[in-house]
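The structure under discussion appears below in the form of structure tokens.
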Amino acid sequence: MAFVQFSQVSLAFGDRDILKNVTVNLQTGSKVALTGANGAGKSTLIKVLAGIIPPDSGSRAVQKGCRISYLPQSGLTHQGCTLKEEADKAFEFGYEIQNQIDMIGERLAAQQGNTSALVAQQAELIQKLEDSGWYRREAAAETVLLGLGFSRADFSRKTEEFSGGWQMRIALAKALMQGPDILLLDEPTNYLDIEARSWLESFLQNFRGGFLLVSHDRYFLDVTINEVYELFNGDLRRYPGNFTHYEKVREIELKTLISEYEQQQQEINKLEDFIRRFGYKATKAAQAQEYQKKLEKMKRIEIPESLKKIRFSFPPAPHSGRLVLRLRNICKSYDGRRNVLDNLELTLESGERLVVAGRNGAGKSTLLRIIAGEDSDFSGEIVPGTGVKIGYFSQDNAEKIRGSGTILEYLEARAPLELIPRLRDMLGAFLFRGDDVYKPLDFLSGGEKSRIALLQLLLSPVNLLILDEPTNHLDIHSKDVLLSALRDFGGTVVFVSHDRGFIERLATRVLELRPGAFRLFPGDYEFYMDQLAKFGDAENSQKSSEKKDFKTDFSDPHSGSKNPADDDAGIKSSAKKLSWEEQKQRESARRKIEREVRALEEKIARLEAEKADLEREIALPEVYSNGEKARAVQRDLVAVSEKIDEATLEWETAAGKLEEFL
């Protein structure tokens, strides 16, 4: 059983203890979430586990031969080769082992060294290579890349052509393809859409090794992990169970801590008030000095930063008409040949919470920029309703918050005069307290910049909020508070998010985009997912360019009326509900292909085991020293290799058919 073990590990930056006598044991089967407030040291702990940062004290033990893969939050780029070639670099360990096997073979052929020892060493390496899945690397690479949202057409693209988010997907794919014993993932879902997150969920659920990850997606954590480590003030505590269970247990534990904290704060306030009022009076000076000493000796109770939640609500939304926005025949192309948005029709009514769903590249952010008025290079017509005032948030805007100025200076330059006296209070509600307001913008984290960008939306009343990934870089508790504020907001919301839990609790309607196509679903996200399941989402098995009737509106069959966009767009429904008999036939066909895939996987495993036996046989002295025997075994090796190639091709075809049912 592979393992990585820490014992009594400590690490400090300056006078701050990041880790204090931390003990961690990750092994095969570990499914761990690492949590803690922003700045608690989660990324640092992962780097120590990965061996990137040495601890100040303590021991780190790694089982011999244990392979560790580490994915940082950001900053990785790839260039100089195609995506397929870059993916193949994940299997360098296999090439190294194969080189060792070949070198031993050469020494055996030349009769150099201890033959028995060399044969044993070669057999061990051959078995190690077999167990690693290296012979199935091409199929594994294709499965991972497609699962994370790449297309087969992407395989031949140069890696430098991919954007920053897709660069991190490449890095994630390589970490998964390495087949590590221990997987360390720091915010792996940051750049993934919902489809890719779902695939990663399934991968981790079936992962045979152990993993530790950091994520701010509660749903993702609940379905992948079975224990939680909380890092707080340098101490690490373990909680068995999923993340929701951890939160319930921790809430009970914290009630006593919070009560003690509040009592201590009251006592501190009384002592400080006494010192402030009577410190300079002769009759009270001695007592004031005693109180001052008491304050200095007092061991302050600390509570997790996550309890100091953002507390805010959006300003009352100005009145607008029932019709907020109407989009007619919206078309958008970046290359002049292919439309990202093609004759999109949408009617938005007051009070709706519309989520725009779809894979990366489908045009979600493009549509939001068009609605917000940030992009005017499109054809079609946008008709705003009476009195509509738009507030727009995007990650691009958050990332543009930079410079040598302070947070307070940045907001003072953008706030109405009447709000400037309240800025300190508003910043405090967003966790910028005390001297934090004087932090230079260039030293802010992604989460801090996102909070400032959200705070900017409070500086003027709006009734239509356009939000592009507002939860990125926010921790779970900040997401909860933002969700509460949006649900209480009196206006209309159009948003994009890859956080399934956030979408499920906010959306009242779904607009699904694919390149050049769209569908509207009245109802929440659960209804949307239910519809996809009922219809089998047959469109998934075709390319968008091949679908002429994809633009579909799923009107509520019980409402007796169509969505307002129907009359304007003349849209006809192309997705018909499958009958019970059709569903039965579809399920039968799916099971048949699954059996075929399993049979082929078993066949490939048997053939590869046969190949490994032949490779061990050819390394025996009585074989390689006998030309006739060696040639016979070599012929068998070639034959079984050809069978493996044929079976692998059959497996790829069957697996492709199976994808059409998923």
His498 side chain to Ile194 backbone, donor-acceptor under 3.5 Å
no
Can we say Lys89 and Glu86 salt-bridge, meaning some charged N sits less than 4.0 Å from an Asp/Glu carboxylate O?
yes
Return yes if a side-chain donor-acceptor contact under 3.5 Å exists between Tyr392 and Glu374, otherwise no.
no
Flag the pair Asp468 / Phe495 as yes when at least one side-chain heavy-atom distance between them is below 4.5 Å, and no otherwise.
no
Any Lys/Arg nitrogen of Arg238 or Glu227 sitting under 4.0 Å from an Asp/Glu carboxylate oxygen of the other?
yes
Tell me, please, whether Tyr229 has Arg237 positioned over its six-membered ring: NZ or CZ under 6.0 Å from the ring centre and within 45 degrees of its axis?
no
Result for side chain to side chain contact (heavy atoms under 4.5 Å, CB included) between Asp186 and one of Leu212, Leu71, Ile46 points to Ile46
Residues Glu247 and Arg218 bridged, charged N to O under 4.0 Å:
yes
Within the distance-only criterion (no hydrogens, no angle test), does the side chain of Asp154 pair as donor or acceptor with the backbone N or O of Phe150 below 3.5 angstrom?
no
Is it the case that Gln178 and Ser69 place a side-chain donor and acceptor less than 3.5 Å from each other?
yes
With sequence neighbours left out, the residues meeting salt bridge (Lys or Arg N to Asp or Glu O under 4.0 Å) with Lys439 are Glu448
Using a strict threshold of under 4.0 Å (side-chain N to carboxylate O), is an ion pair present between Lys479 and Asp499?
yes
In the structure I gave you, are the side-chain heavy atoms of Leu458 and Met426 within less than 4.5 Å of one another anywhere?
yes
Polar contact flag, side-chain donor to acceptor under 3.5 angstrom, Glu230-Tyr246
yes
Distance under 6.0 Å and angle within 45° of ring axis: Arg505 vs Phe502
no
Report yes if some heavy atom in the side chain of Leu348 is under 4.5 Å from a heavy atom in the side chain of Thr492; otherwise report no.
yes
Quick check on Gln205: does its CD atom have over 12 non-hydrogen neighbours (other residues, nucleotides or ligands) under 6.0 Å away?
yes
Taking the side chain as every heavy atom from C-beta outward, state whether Leu184 and Leu26 have any atom pair closer than 4.5 Å.
yes
Tell me, please, which residues at least two apart from Asp377 pass salt bridge (Lys or Arg N to Asp or Glu O under 4.0 Å).
Lys332
I'd like to know if the side chain of Thr82 and the backbone of Glu85 have a donor-acceptor N/O pair within less than 3.5 Å.
yes
Using distance alone, with no hydrogens and no angle criterion, decide if Tyr95 and Asp88 have a side-chain donor and acceptor under 3.5 Å apart.
yes
Do Thr35 and Phe243 have side chains that approach each other closer than 4.5 Å (heavy atoms only, starting at C-beta)?
yes
Taking the cut-offs as 6.0 angstrom to the six-membered ring centre and 45 degrees off its axis, would you call Arg67 and Phe93 a cation-pi pair?
yes
Is it true that atom CD of Glu526 has more than 12 heavy atoms of other residues, nucleotides or ligands lying nearer than 6.0 Å?
no
Could Asp442 and Lys449 be called an ion pair, given the rule that one side-chain N must be under 4.0 Å from one carboxylate O?
no
Would you please say whether a donor-acceptor pair under 3.5 Å links the side chains of Asp222 and Thr244?
yes
Looking just at side-chain N and O atoms, do Gln73 and Ser43 make a donor-acceptor pair shorter than 3.5 Å?
yes
Is Arg197 close to Tyr219 at the side-chain level, that is, under 4.5 Å between some pair of heavy atoms?
no
Test side chain to side chain contact (heavy atoms under 4.5 Å, CB included) applied to Gln167 - qualifying residues, sequence neighbours left out:
Thr77, His78, Phe162, Ile170
Could you tell me if the side chain of Leu346 sits less than 4.5 Å from the side chain of Ile330, heavy atoms only?
no
